[in-house]
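Before any comments, here is the structure.
All figures in this text were calculated on a predicted structure; none of them were measured in a lab. Quick note on labels: first sequence line is chain A, next is B, and so on, each numbered from 1.
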Amino acid sequence: MSMSKFNEYKGLNLPNVAKQVLEQWEANKVFEQSVTSRDENKPFVFFEGPPSANGLPGIHHVMARAIKDIFCRYKTLKGYQVKRKAGWDTHGLPVELGVEKELGITKEDIGKKITIEEYNNACKEAVMRYTDVWNNLTRQMGYWVDMNDPYITYENKYIESVWWLLGQLHQKGLMYKGYTIQPYSPKAGTGLSSHELNQPGCYRDVKDTTCVAQFKLKGIEKEEVITIDELHDDENEPVPHLKPLNPIQEEIYRLQQNGEEVFFLAWTTTPWTLPSNTALAVGSKISYFLVKTINQYSGKHINIILAKDLFSKYFEISDNIKSKDLIVGNHMLTLAGTPYENPENILNDDLLRDLPKELINKGRISHWDILAECIGNDLISLEYEQLLPYAQPYENADKAFRVIPGDFVTTEDGTGIVHIAPTFGADDAKVAKDAGVPPMLVLDENFNPVPLVDLQGKFRPEMGEFAGKYVKNEYYKDGEAPEKSVDVEISIKLKEENKAFKVEKYEHSYPHCWRTDKPILYYPLDSWFIKTTAVKERMIALNKTINWKPESTGTGRFGNWLENLNDWNLSRSRYWGIPIPIWRTETGDEEICISSVEQLKAEIEKSIAAGFMTNNPLADFEIGNMDKTNYDKFDLHKNYVDNIVLVSPSGKPMKRETDLIDVWFDSGSMPTAQLHYPFENKDLIEKQQLGVADFIAEGVDQTRGWFFTLHAIATMVFDHVAYKNVVSNGLVLDKNGQKMSKRLGNAVDPFETLDKYGPDATRWYMITNAQPWDNLKFDLEGITEVQRKFFGTLYNTYGFFALYANLDNFTYAEAEVPIANRPEIDRWIISKLNSLIKDVDAAYHTYEPTRAGRAIQEFVNDHLSNWYVRLCRRRFWKGDYSEDKIAAYQTLYTCLEVVAQLASPIAPFYSDKLYTDLASISGKGNTTSVHLSDFPTVNESVIDTDLEQRMDIAQQVSSMVLSLRKKEQIKVRQPLQKLMIPILNATFKRQLQEVADLILSEVNVKEIEYLEDTSGVLVKSIKPNFKTLGPKYGKIMKQIAAQVNQFTQNDIQEFERNQGATITVEGQQVELDSNDVEIITQDIPGWLVQTEGGLTVALDITISKELKEEGIAREFVNRIQNLRKDSGFEVTDKIALKILQHNEINEAINNNKNYICTETLTSRLDVVNELNEGVSVEIDQNLSTLIAIEKFN
RNA sequence: AGUCCCAUAGCUCAGUUGGUUAGAGCGCUACACUGAUAAUGUAGAGGUCCGCAGUUCAAAUCUGCGUGGGACUACCA
């Protein structure tokens, strides 16, 4: 027999357990084994989204990484080989900004005060600064990922693979250089990424001068000359021809014929863009009004067009009319009499000058007359006079100044007609391009097309009196800004020219450059783009094959994103990043995209031959040699490659395009770049499909980040998905639901948390408290609760097992007791256990860790500990080492072992401790680690739902009896004689009988009487079953229910006898059968009764003399046990007792002497008349005596 | 502004294909238990299922419109 014992502990210290287990893992290389020991032909591919080591990890990283870890561990248990390569995201703006700050330089200084090489080296150092901290977090939280051989995005091999991917895109014609509107900071002289714009505090509310400008329609031509070619006959005379006009155009035509002016109204918050206006956009289905009214500044009669919905924003209407009810012909005050004119009003500094009260009311004009109504479509292609004719577009000027459709036009604000300046708005540029309207570009000194505002943010010379002025006062140096901004000056000019309908201040949010604090401009800039729109449909189709958790992120957020896809702006005008591998001639008509170092070396050779370069910096690079040393001989960063000049096929020099690529492309390239594909590992990618992840997980904020770039690159280059399953987790908020931030001081330090509570409790809490995709309100007290409730209970259960197993020298050496030979309760917990395996397996399989965790903890707390162990305690410490006892040990052992395995993905440390504590003694399973074991397989044949049902009955009955006892203040130790339960059907009776013993011992009652329904004493109630009746009788359901509820006891008996009844409801015959109602017992007259959910229990509470004595004896046993314990005796020690006699207990002791002695291992019990040395014990209220206890030899 | 998520007891969360008395844990109060004891049991208090409208015989559940919180994207007159 083995002498080894199960480990016993004095207390549970989860952080210490984690430390010990971690040491074991490292000593035994458990992680490595968990990979190598699994079948390499059964890979489960996981991609690690690379964090940036530039910043410190937060508690949310623990969350995100726990999720990744859980499924990788689970799949490992299921026998898959799960390689997990760590990675580092090393490029990008945050790194650069940090370095600039540290070095005290700005972007402009790079290349001047410091060489790009020095700068890049500083970035390289900075970015890996916190790798140790990250590695520690990874270790401590038990995230298994291979940190020894991570992919690093700044390494030459990685960059080479990225270049190869770019080369593929270039080859497929998916890369182009384009001119687009981008956020631009004139003061900093640089474009800004959306990332930069989303820095906190960038969007600020500012008050700008806004202007509703009047764009005057050109005269509508009704007559059109038809040329000869179009005539069928041979007449030579051109014939005047009446062009068909739609009704609104007719109306405008009529007005114009009368010498009246007609204007479009369009609003802008940036009047400085008005000189660059080239079009007006309308919503094709929006309703517009043509209104005769008056200009409040010039006092002139005018006719204007604006959206119907916005009419009431500018015009006063009577209280009893709603704006949507306005129709043509409605009018307010007539416009009779002399036009109101007041030149002073125009020149007044005050921009908002009200008309006299009779003309304007609360800023709304009260003189108006609705002349016509139309929809936007009717207005399209109408032409208007250029508002501020300083310059003309250098090309297609004849196509400008027209009304075009814009699907983004709304009637939320403004006028429902949008001023379009294609050079200063992304939407503007798009609709203008779609409609063939040119942007306001003029040719500069070098005949390059440029907008009317230069890169410093000043108006160009073409702008007359505005030339040289900054478009925003903020761009002037301190103290140099003029009193009136150009926005104000332009507004005044428009007022003077009867071109401003309304000018006012307006507060809105506008982005500012986070570095200079100045407002940004939207400005056309040159960039390299990836034509993602070309593969949009394919990306949408492939996305439908991806399993998103939660699904809504995939269909909703991601799906919509794909539907509205724009081309991917790849360019970044920075230094520390992957250079765009494109070399171009000056004119741009010849270019090459380099896809490998080998190719670059060869191209340089050509260039040397052509005389553009003198030596080859890649001369030492050995082609085909994949050693790190070979790849360390050069550097593919900007500082290195910008010196390389290549030669074009026609013999011209080609220089590298100066931009870097978006860092998101770096990380999106990782599936292949981490393996240096296609230069190495070709088979892994092409044959084993390791380029497609079975599973990835990141925060939901990565939807348009990493999730997108992975998907886009995989679709474009390989035409397959990059991942099959993806979990996007929510945020970790503080306990009040606020976002965690260092600024608010509510950020939780992950290391402190892990140290204090241990990784297991932290992970368990995070996973079970909220679904991964819901935001988690992180509360440290929640971890304490998990510690106590789940781990504490599990630990106690193991402790209980170990204590008695060691006493009995149980080591699981005996053969399995056949399940059929085990008692009901064992079979029950085994059934529950197998149901649990099934549920947990399914939950993990469907990426639902929360379900898995909650199921496990319910099993451990409610079933295993609070029921199985509690009810079985006696079996463990009472009697011989019988088969029943062995069955109990085996059952409990199995439960603990399986729980350890099921819980191990979530709580890897404690589970391992528990599992190895068990396995090391029994030799069962893998004795090194739970993580090297195999996921338990469910044994369907032992799942017994009837048994689980019966146990539910037992639990419910017990609970009800205990409740009754409580009401009557009868202690559980006081035995009672009888329990009565009405039986309504045979199944219930059988089920109850099979668990009767359990109930009786649990509630300390001697017998159960089954009340068959013959006596007629039971009071019953009947309830309609809505689920069956509802579909059948629908409308009269309520009345049926009312009638059934009215059934008398007689009606119910009648129903039972006939197994049904027919009632009449609202003249309709309603057939009820036994499925249509539920009949339950409600009361047993004359008894102490409890009813709950159809189950009724009656308790006989008469206490006979024998019962009373037995109760006293039990009290004694309890007191003696306490004394034994207080005296420090071993559980196995025998004792001798002396009890001071007392009239009320003597008989009770004598009549139950045998019972007392066996229960307490008492070899000798004397009731004595006198006792000096004993301890006073209270048996009942006002009933005490003395007991003396000593060890018996 | 658009898209998405969330809203149920003081707190954290469950709530099956819609079915009539909406649950659990924690916390609180009281009692009990005491050979798992830094545990455990029982009972009690605690709810406008965010609001409004609709579909339905029947809505916490489905639909629409709002409100509040959060995220992402955009910045557009």
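At C26(B), one or more side-chain N or O atoms of Lys789(A) fall inside 4.0 Å of OP1 or OP2 (strictly under the cut-off). Considering only side-chain N and O atoms, Asn861(A) lies nowhere under 4.0 angstrom from the phosphate OP1 or OP2 of G25(B).
Residue Ser865(A) is in base contact, counting any heavy-atom pair closer than 4.0 Å across all strands shown. Note on Asn1118(A): only backbone sugar-phosphate atoms sit closer than 4.0 angstrom, heavy atoms only; bases stay farther off.
Counting only Watson-Crick and G-U wobble pairs whose two distances sit under 3.5 Å, RNA chain B takes part in these stems of three or more pairs: B:1-7 with B:67-73, B:10-13 with B:23-26, B:28-32 with B:40-44, B:50-54 with B:62-66.
With sequence neighbours left out, the salt bridge (Lys or Arg N to Asp or Glu O under 4.0 Å) criterion links Glu848(A) to Lys549(A), Arg851(A). In this view, Trp706(A) satisfies the ring-ring contact (aromatic ring centres under 6.0 Å, His included) rule with no residue, not counting sequence neighbours. Taking the ring-ring contact (aromatic ring centres under 6.0 Å, His included) definition, one finds that Tyr868(A) meets it with nothing, sequence neighbours left out. In terms of the ring-ring contact (aromatic ring centres under 6.0 Å, His included) criterion, residue partners of Trp561(A) (sequence neighbours excluded) are, by chain and number, Phe708(A). Applying the salt bridge (Lys or Arg N to Asp or Glu O under 4.0 Å) criterion to Arg870(A), with sequence neighbours excluded, gives Glu1002(A). Shown here are the salt bridge (Lys or Arg N to Asp or Glu O under 4.0 Å) partners of Asp434(A), two or more places apart in sequence or in another chain: Lys430(A).
Between the side chain of Lys1023(A) and the base of U21(B), no donor-acceptor pair of N or O atoms lies under 3.5 Å.
Using atom P as the reference point in both G66(B) and U29(B), the two lie 46 Å apart (nearest Å). For the P atoms, the distance linking A38(B) with G46(B) amounts to 34 Å, nearest Å.
For Phe800(A), the side-chain atoms get nearest to A36(B) when compared with the rest of G15(B), G25(B), A36(B). For Arg870(A), counting side-chain heavy atoms from C-beta on, the closest listed nucleotide (C26(B), G41(B), U12(B)) is G41(B).
What separates CD of Gln182(A) from C1' of U73(B) is a distance of 17 Å, to the nearest Å.
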Listed pairs, N/O of protein and of nucleotides 37-39 of chain B, under 3.5 Å:
residue	atom	partner	partner atom	Å
A39(B)	O2'	Asn796(A)	ND2	3.3

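Applying the side-chain hydrogen bond (donor to acceptor under 3.5 Å, both in side chains) test to residues at least two apart or on different chains, the pairs with a partner in residues 781-795 of chain A are Thr793(A)-Asn861(A).
The residues Glu858(A) and Arg854(A) are annotated as not salt-bridged, no charged nitrogen and carboxylate oxygen being separated by less than 4.0 angstrom.
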